[in-house]
Amino acid sequence: MSYFISGEKEDWEVVIGLEVHAQVVSDSKLFSDASTEFGAKPNTQVSLVDSAMPGMLPVINKVCIKQAVRTGLGLNSKINLHSVFERKNYFYPDLPQGYQISQYLQPIVGEGIVTLEMSGEIREIGVERLHLEQDAGKSIHDQDPRNTLIDLNRAGVALMEIVSKPDLRSPQEAGAYMRKLRAIMRYLGTCDGNMEEGSLRCDANVSVRPKSTSELRTRAEIKNINSVRFVEDAIEYEAKRQVDIYDSGGTVNQETRLYDSDKGETRSMRSKEEAHDYRYFPDPDLLPIDLSTEFVDEIRKGLPELPDAKKLRFVGEMGLSEGDAEILVSEKEIADYFEDLSVGRDPKLSANWVIHELFARLKKDDLNIDNSPVKADRLGSLLDLIEDKTITNQIATSVLETMWTSAEDPVAIVEKKGLQQITDTGQIDSAVEKVILENTDQVSQYKDGNEKVLGWLVGQVMKTTQGKADAKSVNEILRKKMDSG
Ligand code: MN
């Protein structure tokens, strides 16, 4: 799906690279034993290392190394057995060390590939690298009229910075890439992907060029975008801004910009610094990381089935449509629910009920699948009643409605309300005859060749039987009686 912006004289192509900061799932920080739990009171999770007291030494947290390797493998990336932590020097009030420990020339993970499916088209987005680094603290400007307050709980928390190649070509692709990264890391259990809590943030490098060229023009970097929709909106705004500048004969500045989601615009923050401004050098307090191939292989063996592989299996082995499979693998929790549900049941019936009935109800009540009042085993019992023809599909929908608000078992609900399907053809026969007698107009329309009216007549029979008759038999019996009568 091509995306171009029309300028005054020509069409422009957008070139996007994303730098995603993903907080590592780990109980303690990258170089200290302080807790990483979200939502604690300010400055209650700060060790002497995190507050950079003189003489303190960082100690690497092995869990974070494992998580970075696991993520690298999940992104089909090269794992660098030798990597080095460096100091990136700069001043932030909430960075007490005066530098961030990061990786620069030798990151722990090298090049890889993330595959996107954009309306049927496969797009392979290059990953440039993944490196480990510390997060900074937080400056709070809105709690005191005169002072800025500092919370260091986040200082020293492990982040994975995942840098893409400038392979993305539209705001929608950038959004899809973010969602895919998030899904992969959630499957892996290496980042919880919670954007509201800041566990996943994105910097977008955006430039534009005339459609006919392949040059790379000056880019602007939009910092710290914290939702997928804002990533898309910010890029769209920024790309149009740059096209307008070129159209009016101006030049784009290399700078860092901020996205204001209230106004829907980007604003200049500062001119962009170059890598050499940070005076990177290997951290003398830390040894390089040297991993053995056994260590990496062990992690590789423990990888779960990831969304792409799962989707192939859902389509290939279970016979689901591409579209349904894509929806079901998009979140690990949805895939888990579906897999629990479909064990020993018809996969297509299971997929239908998750995607249509379950999702509609979850959406209506603003719930997600994890806190669904109807768990997979309960929904499974309901589907069993459809499969063994105890109830019709239509009745099952109303039983699900009852299950939603009561903890009752579907079998008990069906018993109590007497919802069993009418299988006695005699009973269906008489309902059909009644409907034929009462609707002579529609019956003669059918006889005149109006097939559409048949559906309406089926509906009338279903109404008379309170939805308990099997629609297929009703259809057949109606046809037979009208064709012969
Ligand atoms: Mn970074």
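Whatever order the structure lists ligands and atoms in, that order sets their numbers, starting from 1. All values below come from the heavy atoms of this structure, side chains included, with hydrogens, waters and symmetry mates left out.
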Exercise for review: Output the atom name for the N/O/S atom of Glu161 with the smallest distance to the Mn ion (ligand 1).
Suggested key: OE1
Point to revise | Centroid separation Phe338 to Phe314 less than 6.0 Å | key: yes
Check your understanding: So, Glu197 and Gln23: side-chain donor and acceptor under 3.5 Å apart, yes or no?
Key -> no
Study note, to complete from the structure: The atom name of the N, O or S atom in Glu133 nearest to the Mn ion (ligand 1) is OE2
**Study point:** His131 N/O/S atom closer than 2.8 Å to the Mn ion (ligand 1)
**Key:** no
Review point. Can you find a pair of side-chain heavy atoms, one from Glu133 and one from His21, that are under 4.5 Å apart?
Key: yes
Study note, to complete from the structure: By side-chain hydrogen bond (donor to acceptor under 3.5 Å, both in side chains), Glu37 pairs with (sequence neighbours left out) none
